[in-house]
Amino acid sequence: MKAFIRRYRLRQRLGVGIIYAATALLSPHLCGEAVAQSSFSSYDFLKIPSSAHAFALGGNGAAIIDDDISLVNANPALLGPEIDMQAGVAYMHYLGSSNFASANFGMAASERSAWAAGIRYLNFGSFKGYEADGSSSGTFSAADIVIDGSYSHDITDRLRGGITMKMIYSHYESYSAFAMALDLGVNYYNEEKDLSLSLVLANMGGQIKRFETAYNRLPFDIRIAYMQTVASSPIQISVGAENLTRWKLPYYSHKTDDGEVATEIKSGFFSNLFRHLTFGVQYSPSEKFYVALGYNYKTRTDMSAYRRNFLSGFSIGTGIKVKSFGIGVAYAMPHRSASSLMVNLNLAIGDYL
């Protein structure tokens, strides 16, 4: 077995190896600590947002009310008949040489229901491979493909439920695996108060084909999200809670003392609390335009391993709609050595039919 692949498995198996691969591109000093701070599940790439709007508000996005087809990946209950005959594409330059792309299409099934289909391709770039004796074996790639289908239904005028079925194929070097997952979501929306509340059970499922003999579990998560307009102003605030299947989310903190770098594990009450939370504020004077700012404390503390910058944990984005066309852009710089940029485009095809 290639030593690089073996190193992947020693760090919470191949799913967390993806995070290792991405952070390896940032700095050789960052790799070990960043992997130690990642979650204990595999397929963690499923947590990466595929909506620029969600990314701009800190990454949760489960309660955003917007006729944007890309939000279905944050919460299937955000899909509805108002998103009729809409197509969307997205591109994200993630950390290092990682590049992700996705495409979605949705349409109304009835006056109270809708369906959607999508595909995501995640490529983590090229890596150097080595044999167990340390000799080079050339380069190899790591990539994932997710194909999904969603359905939603309006339970009442304010409550909507949704379901997404995902097929996940992963190929790293000469190893491949196949898994299936299910997302269940509900959203409560009070239009008069512009109040949105969501609950999502994400990534329920498991592997059907394993990489080898070891079983790699999916990152099952419970997420809660809240978003509301402040009084009659054009300002909305959002708060999200993630990783609710376990309380403790410890991380490594580094400090320099007399030229020496000291490592300390942080796992206090408030540290764990805020590592579950994301915060966002949005200025939206109309349904056609928004500017959003988000803060993700977990991202900031994950990047505390080595030379993070002031912007670690913050994200910013904007979106505009012109007739049937919409565009969203979001940017974050989690580490001084790397930044992430996401672009969403969507088109209401039904307006031209």
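Numbering of residues begins at 1 and proceeds along the displayed sequence.
- Ring planes of Phe211 and Tyr172: parallel class, angle under 30° (limits at 30 and 60°).
- Here the closest non-hydrogen pair linking Ser97 and Gly125 is OG-CA, 3.8 Å.
- Under a hydrophobic clustering in which Ile, Leu, Val, Met, Phe, Trp and Tyr are joined whenever their side-chain heavy atoms come within less than 4.5 Å, directly or via other members, Leu159 and Tyr226 fall into the same cluster.
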When you look at Tyr91 and Asn344, which way does the side-chain hydrogen bond (donor to acceptor under 3.5 Å, both in side chains) test go after all the steps?
CA-CA 7 Å; Tyr91 166 78; Asn344 276 130; over 6 Å; no
Could you give the side-chain donor-acceptor pairs of residues 196-204 under 3.5 Å, partners two or more places apart or in another chain?
from: Ser196; atom 1: OG; to: Ala63; atom 2: O; distance (Å): 2.8
from: Ser196; atom 1: OG; to: Asn187; atom 2: ND2; distance (Å): 2.9
from: Ser198; atom 1: OG; to: Ala62; atom 2: O; distance (Å): 2.6
from: Ser198; atom 1: OG; to: Asn75; atom 2: ND2; distance (Å): 3.2
from: Ser198; atom 1: OG; to: Asn187; atom 2: ND2; distance (Å): 2.8
from: Asn203; atom 1: OD1; to: Lys166; atom 2: NZ; distance (Å): 2.6
from: Asn203; atom 1: ND2; to: Pro219; atom 2: O; distance (Å): 3.4

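- The two residues Ala87 and Ile349 have their closest heavy-atom pair at CB-CD1, 3.7 Å.
- Rounding to the nearest 0.5 Å gives a distance of 9.5 Å between CG of Asp66 and CG of Leu78.
- There is no side-chain donor-acceptor pair under 3.5 Å between Arg275 and Tyr297.
- Between Asp144 and Arg120 there is no salt bridge, since none of the side-chain N atoms of the basic residue sits less than 4.0 Å from a carboxylate O of the acidic one.
- Atoms CG and CG, on Asp67 and Asp84 in that order, are 11.5 Å from each other to the nearest 0.5 Å.
- Between Asp221 and Arg223 the shortest heavy-atom distance is OD2-NE, 3.1 Å.
- The aromatic rings of Tyr169 and His171 sit parallel to each other, their planes meeting at less than 30°, with 60° as the upper class boundary.
- Nearest heavy-atom pair across Ser233 and Thr229 is O-CG2, 3.1 Å.
- One distance of note links CD of Glu82 with CG of Asp154; it measures 7.5 Å at 0.5 Å rounding.
- Note: the hydrophobic cluster containing Tyr251 also contains Phe274 (ILVMFWY, side chain heavy atoms under 4.5 Å, direct or indirect links).
- Residues Val72 and Val186 fall into different hydrophobic clusters, defined by Ile, Leu, Val, Met, Phe, Trp and Tyr side chains chained together at heavy-atom separations under 4.5 Å.
- Here the straight-line distance linking atom CE of Met227 with atom CD of Gln282 works out to 4.0 Å at 0.5 Å rounding.
- Ring geometry, Tyr295 versus Phe314: the interplanar angle falls from 30° to 60°, so the pair is classed tilted.
- Judged by distance alone, the side chains of Lys209 and Ser176 do bring a donor and an acceptor atom under 3.5 Å apart.
- Taking hydrophobic clusters as Ile, Leu, Val, Met, Phe, Trp and Tyr residues chained together by side-chain heavy-atom distances below 4.5 Å, Leu71 does not share a cluster with Val146.
- Closest non-hydrogen pair, Leu57 versus Ala292, comes out as CD2-CB, 3.7 Å.
- Contact annotation: the side chain of Ser50 never approaches that of Met92 to less than 4.5 Å [non-hydrogen atoms, C-beta and beyond].
- Residues Ser267 and Asn272 are in side-chain contact: their nearest non-hydrogen atoms beyond the backbone lie under 4.5 Å apart.
- In this structure Leu244 satisfies the side chain to side chain contact (heavy atoms under 4.5 Å, CB included) test together with Ile222, Ile224, Ala241, His276, sequence neighbours excluded.
- Across His153 and Ser113, no two heavy atoms sit closer than the pair ND1-CB, 3.7 Å.
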